[in-house]
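The block underneath contains the structure these notes are about, expressed in structure tokens.
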Amino acid sequence: MWKMVWGDLCYRLKPGLKQLSKQFLNYYLYLYLLGFLPLFFEFTWQYLLFYYAGMVPMILAMIFSSVFGGDVNKVLYLCPLSEAERKQYFLVSWGIRALIPSALCLLFEGILCGMHLISLGTALLVVLTVIFFSAVMGMYGGFMVRNADGVAQTDGMPPGYTVCGVVSLLLGIFTMVFLGAVVGDVEEPRFTGGEVGVMLLLFFLHGLTALFIHVKYFRPLMEHMICFEKMERGKGSKEDRTAK
Amino acid sequence: MIQLDHVEKKLGNFMLTDISLTLPKGYILGLIGRNGAGKTTLLRLLMGLYTADAGKVLVLGANPKTQEVQVKSQIGWVLTEEIFAGGQTLMGNADRDGRYYPEYSPDVFLEYCGRFGLSVKRPLGKLSRGEKLKFQFAFALSHAPKLLLLDEPSANFDPDFRAEFFKIITEFISDGEHGVVLSTHLTADLDRLADYVAMLEDGKLLFCMERQELADSYRIVSGEEYKLRLLPKDRVVSMESGKYGARAFIKHNRHTTYDPELSVSVPTLEEIMFYHAKKK
């Protein structure tokens with residue numbers, strides 16, 4: 001199953017990126033996030049590395065979410081696969097989408113820690129933020145996944161999922177921006193005001209949202225995605241009409 | 001092969017109502033009806049993609065929803081939707097999805113692709129619509145299915161391939177162990193192929209009968225309008241009158257006699273479909 005999901009991801013990555021590059025807002029968001037620190041803050045190469053070590057995996061999680069959302073390869077509904085196998089596909093693809101950015105972040109932070117550029121506590125905060133973030137983004141893109149017309153495919157998702165997803169996305173980004181651009185290393189913060197406290201508050205809120213989303217939406221989303229009928233109905237009345 | 005008993009399925013505002021039909025082994029069932037009549041919904045019920053709200057669906061003796069692996073491994077399908085990976089080659093697609101079918105044979109797939117004039121090394125996305133359907137058809141045949149479910153396949157085929165398609169379908173059912181459900185608007189195809197014909201209209205099954213029985217059940221009678229008005233009203237399905245006379249589509253049986261001045265002809269499937277739709 002891992003091989004198959006990996007194959008699907010590789011297949012969808014290239015056309016997905018092409019599609020993504022046409023959507024100015026997404027493109028702009030990623031560029032903005034990457035250029036945020038060097039453009040608006042005084043920075044050193046050390047801070048820049050620290051910032052990118054967290055932000056690049058987060059952007060990767062968003063890209064995966066956009067180009068390879070939780071939707072099951074449609075042929076899998078038609079092939080002789082049981083519901084349990086489709087469930088496995090959903091879980092494995094979620095695992096891959098969450099694992100790659102998290103592992104990348106772990107690697108970056110490990111290197112920075114090994115070079116004594118950041119403290120262990122900071123590295124832990126960054127890695128946890130990226131894990132929360134990619135676990136939520138990887139569940140199902142929903143609000144991130146867009147069709148050819150650039151319309152977000154949010155129809156049929158359990159109520160409230162989109163709002164919670166967007167809140168979690170923003171909290172994750174704010175946490176990382178605050179951590180990377182404002183606070184720097186938690187053991188030697190750039191500013192000694194209340195910035196560390198604000199950052200920690202954002203971090204905990206982000207973690208709580210991620211936990212809430214998993215408890216409330218993971219199972220309904222999975223049930224939704226592995227059943228052709230639910231998925232088709234979710235796409236709305238237009239699809240219902242064409243299904244006749 | 002297929003048995004539907006009083007099947008009902010609601011999808012939004014649309015409802016498939018009280019569908020009962022049977023297809024024995026070794027036969028071809030033609031499914032006709034206008035857009036939105038419920039043909040695709042019915043096929044999706046047979047594929048186990050939808051669950052019936054009421055009634056019983058049996059495909060190859062099993063419930064396609066609860067025994068989906070068993071049923072789906074014996075079904076070959078051709079759909080109008082583009083569901084395969086456009087960026088992959090034909091062989092890549094077939095191998096990727098063929099591994100789920102216990103009987104999938106790359107050699108059979110290659111053989112059919114060769115027969116259909118398809119290069120298996122080309123990316124699927126580069127093919128024309130008709131070629132994509134040929135690919136689906138080759139894939140459907142490559143895993144030795146017992147039942148073929150074909151949703152509007154032949155509309156995009158060129159005349160040469162259409163003849164080949166008919167030949168393959170006829171070969172497929174020739175051993176008496178296989179079956180085909182062919183949903184189409186092209187009733188001329190069914191005139192040539194179908195053993196049974198089912199017509200759906202607004203989610204209701206208007207009829208499901210043997211092709212010959214269907215041909216014996218209706219007549220088109222034309223002549224002077226006042227003579228047509230004398231026909232028993234309960235047998236007239238539809239009537240139209242024009243400048244030069246009138247035509248009536250009527251229910252027929254072997255005891256029926258007609259005024260010798262009326263012209264009586266056996267309707268084609270297209271005419272049967274047209275007049276049923278007109279009746280509405």
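First the proteins, then the strands, lettered A, B, ... as listed; each starts at 1. Side-chain atoms are counted along with the backbone in the values below, which use heavy atoms only and exclude waters and symmetry mates.
With rounding to the nearest 0.5 angstrom, the SG atom of C79(A) is 7.5 Å from the NE2 atom of H143(B).
Closest approach of L78(A) to Y101(B), counting heavy atoms only: O-OH, 3.6 Å.
Taking 4.5 Å as the limit, every side-chain heavy atom of M47(B) sits out of range of all side-chain heavy atoms of F228(A). In this structure, the side chains of V75(A) and N93(B) stay at 4.5 Å or more apart for every pair of heavy atoms.
No more than 12 heavy-atom neighbours from other residues, nucleotides or ligands sit within 6.0 angstrom of CH2 on W6(A). When the shell of 6.0 Å around CZ of F174(A) is examined, it contains 12 or fewer heavy atoms from other residues, nucleotides or ligands. The number of heavy atoms from other shown groups lying within 6.0 Å of CZ (R219(A)) does not exceed 12. Atom CD of Q3(B) has more than 12 heavy atoms from other residues, nucleotides or ligands within 6.0 Å.
For residues 55-77 of chain B, heavy-atom neighbours of chain A at less than 4.5 Å comprise E68(B), V69(B), K72(B), S73(B), W77(B), sorted by residue number.
Take I131(A) and apply the side chain to side chain contact (heavy atoms under 4.5 Å, CB included) test, not counting sequence neighbours, and it matches S102(A), V127(A).
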